[in-house]
Amino acid sequence: MTMTGVLRPGHAQIRVLDIKESIPWYTDVMGLVPMGQDRQGRAYFKTRQEHDHHSVILRQADRAGLDFFGFKVLDKATLDDLEKNLRAHGVATERIPAGDLLETGERVRFTLPTGHVIELYAEKKDVGNAMGYTNPEVDVIEGKGICPVRMDHALLYGPDIDGNRELFQKALGFSLVERVKLEDGQTDLALWLTCSAKAHDIALVRHAEPGKLHHVAFLLSTWEQVLRAADIMSKHRVSIDIGPTRHGITQGTTIYFFDPSGNRLETFCGGYDFYPDMHPVTWTWDEVGAGIFYHDRKLNDAFLTVVT
Amino acid sequence: MTAYTILIEDTGESYRCADHRSVLQGMEALGKKGIPAGCRQGGCGVCKVQVAQGSFSKRVMSREHVSAEEEAIGCVLSCCIKPTSDLRLSVIGKMKKNVCRTVEPAGVRPVYST
Ligand code: FES
Ligand SMILES: [Fe+2]
């Protein structure tokens, strides 16, 4: 497969209740690299290994949650094409001018049927990952905090996930990787979609309220790093939701935990590679517990109900 | 370290909560139940309580779940308050109903409610 179209999740703008306490937390506990603040006071971060200027933006607000989630696309021509696809699909789009986010080009913004705001963009400054493009060293993790590899995906909660699936598949070229069926055997409770060779780039769960965030996830390189992350969390009194454990769905190992504003984050490792000729995996209602948490084989209350 | 007695009026259960812990953390640390626990960081709203008696210090909590008026009358998120005296409180928050618990029999579209 040649990767064209939508490449990957590129940024998540997360609302925090107190940005002064959140900046040190995302820096020292998450181990993200602070990339400055803009005139609105939004704080920017990237992981050590990411090349683009930022992948996480924090905005102070009086409630927690996700402002928007952005995907990077191949180039400006692709951005124009995808905007046309969205409009042909009946989706209203808006252009946010270059520079609104630091070091970022023009963005195409639209709202999903579940009420979440999604953006596409083609340009963000490549600031490098300090290893360079010539004869790079291995990135030995010596710094503070968890130091994830990249911001990897998000799980969104809202009512019309069928509408979201259609939009992602038909207008943006995503593939369905896994799904969980409700008791009726028909209705999808949850969907995992990819735009790449990852097991998921975005996931969706059916939920009464629109526009809710379940989690933003960060990739780690090994299970050992997942355990190290759990140690760092406990040492810093981070509120852990569940884990370390494994998901049956995507087969990744995981910890769910909360930032200082109650936004759920995930650090995970693994998951299989996806190719577009693969058949979607279905989880039936009676095995959903093992799908979500493979070792416990049961859902916890918080997984389905605690969102921001 | 100072600790205070927290009484959950709904269940009659009480526990001692150290003053450096939130009321929710203090409950969880002793394996007690009564107040639902979610994010423990003031974002999700499931741990909301009404304090009937006593004093506490507080940190910022989401306005989506606690209005300024509510906050003023002690209707607060228990993960965001630390006791500065003994407290009596009742539980307001709950784990919201979700799709799984509201699904209708086969063939009927589920009804979603919170
Ligand atoms: S547990 Fe989420 S607001 Fe208290
Ligand atoms: Fe995830």
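Sequence lines set the chain letters: A, B, ... in the order given, protein chains first and strands last, and positions in each chain run from 1.
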Derivation and outcome, side chain to side chain contact (heavy atoms under 4.5 Å, CB included), residues A:T27 and A:F45
CA-CA 8 Å; A:T27 309; A:F45 297 88; 3.4 Å; yes
Show, in sequence, the C-alpha distance, side-chain angles and deciding distance for A:T308 and A:S261, and conclude whether the side chain to side chain contact (heavy atoms under 4.5 Å, CB included) test is met.
CA-CA 9 Å; A:T308 55; A:S261 308; over 6 Å; no
Under 3.5 Å side-chain donor-acceptor pair for B:T84 and B:S55:
yes
So, the part of A:D62 with a heavy atom under 4.5 Å from chain B: the answer is both
Can you confirm if the NZ or CZ of A:R165 lies within 45° of the ring axis of A:F168 and under 6.0 Å from the centre of its six-membered ring?
no
Using only atom types and a distance under 3.5 Å, with no angle test, would you say the side chain of A:S234 pairs donor to acceptor with the backbone of A:A230?
no
Check A:H54, A:E119, A:R42 against A:Q13 for a side-chain hydrogen bond (donor to acceptor under 3.5 Å, both in side chains) and give me the one that passes.
A:R42
Exactly one candidate in A:H214, A:H215, A:H247 meets ring-ring contact (aromatic ring centres under 6.0 Å, His included) with A:F303; the answer is A:H214
Where along residues 9-25 of chain B does a heavy atom come under 4.5 Å of chain A, listed by residue number?
none
Is the gap between the ring centers of A:H153 and A:F268 under 6.0 Å?
yes
Taking every heavy-atom pair that is under 4.5 Å apart, which of A:V205, A:N263, A:D259 has the most such pairs with chain B?
A:D259
Of A:G65, A:P260, A:A64, the largest count of non-hydrogen pairs under 4.5 angstrom with chain B goes to A:P260
Go through the atoms of A:N300 and report whether side chain, backbone, both or neither lie under 4.5 Å from a heavy atom of chain B.
neither
